[in-house]
Amino acid sequence: MRSALNRAVRAVRAVRWYVREFTDESAYDRYVAHVRRDRHDADVPSRREFERMRTDRQEEDPRQGFRCC
């Protein structure tokens with residue numbers, strides 16, 4: 001019984017990890033880890049500020065495609 005529960009928990013965690021990586025939901029977590037590791041004196045932006053910076057950067061770069069609306 002316990003091993004079946006452990007397998008189910010591991011499967012749910014794997015699916016969660018995959019979905020977060022596929023949708024790039026984990027980008028903020030990776031960015032925060034990078035800032036804390038490499039730039040000790042830098043302020044960590046909020047999630048909202050990070051998403052705004054990322055969107056602005058994507059819109060400025062023609063290789064990223066374009067937004068229609």
Side-chain angles (χ1 to χ4, degrees):
M1 177 77 162
R2 190 169 197 103
S3 65
L5 181 61
N6 287 339
R7 282 195 305 264
V9 167
R10 280 186 291 176
V12 168
R13 286 180 180 164
V15 169
R16 180 180 182 271
W17 175 86
Y18 180 78
V19 169
R20 290 191 74 220
E21 291 296 323
F22 183 75
T23 61
D24 211 22
E25 179 69 24
S26 61
Y28 179 69
D29 297 333
R30 286 191 307 268
Y31 180 75
V32 169
H34 163 73
V35 169
R36 290 185 177 155
R37 182 182 62 240
D38 298 337
R39 304 178 193 164
H40 304 292
D41 57 340
D43 292 333
V44 177
S46 68
R47 176 72 179 231
R48 185 179 190 116
E49 292 168 337
F50 170 77
E51 293 297 340
R52 181 76 260 166
M53 290 184 322
R54 189 164 78 152
T55 302
D56 290 344
R57 186 174 56 247
Q58 288 173 345
E59 289 178 351
E60 291 172 0
D61 189 354
R63 296 174 295 171
Q64 296 287 330
F66 62 91
R67 288 179 57 186
C68 66
C69 347

Exercise. Does S46 reach the main-chain N or O of E49 with its side chain, forming a donor-acceptor pair under 3.5 Å?
Worked result: yes
Exercise. Of R20, R30, R47, which meets salt bridge (charged side-chain N to carboxylate O under 4.0 Å, His left out) against E25?
Worked result: R47
Problem set entry | Any side-chain heavy-atom pair of Q58 and R54 under 4.5 Å | yes
For this session: Taking only Lys NZ, Arg NE, NH1 and NH2, and the carboxylate oxygens of Asp or Glu, determine whether R57 and E60 approach each other closer than 4.0 Å.
Result: no
Exercise. Can V12 be reached from L5 by stepping across I, L, V, M, F, W or Y side chains whose heavy atoms are under 4.5 Å apart?
Worked result: no
For this session: Please examine the side chains of M53 and Y31, heavy atoms only from C-beta on, and report whether any two atoms are closer than 4.5 Å.
Result: yes
For this session: Taking atom CZ of R48 as the centre, report whether more than 12 heavy atoms of other residues, nucleotides or ligands fall under 6.0 Å from it.
Result: no
For this session: Count the heavy atoms of every other residue, nucleotide or ligand shown that sit under 6.0 Å from CG of D24, and state whether that count exceeds 12.
Result: yes
Exercise. In terms of hydrophobic clusters joined by side-chain contacts under 4.5 Å, are F50 and V32 together?
Worked result: yes
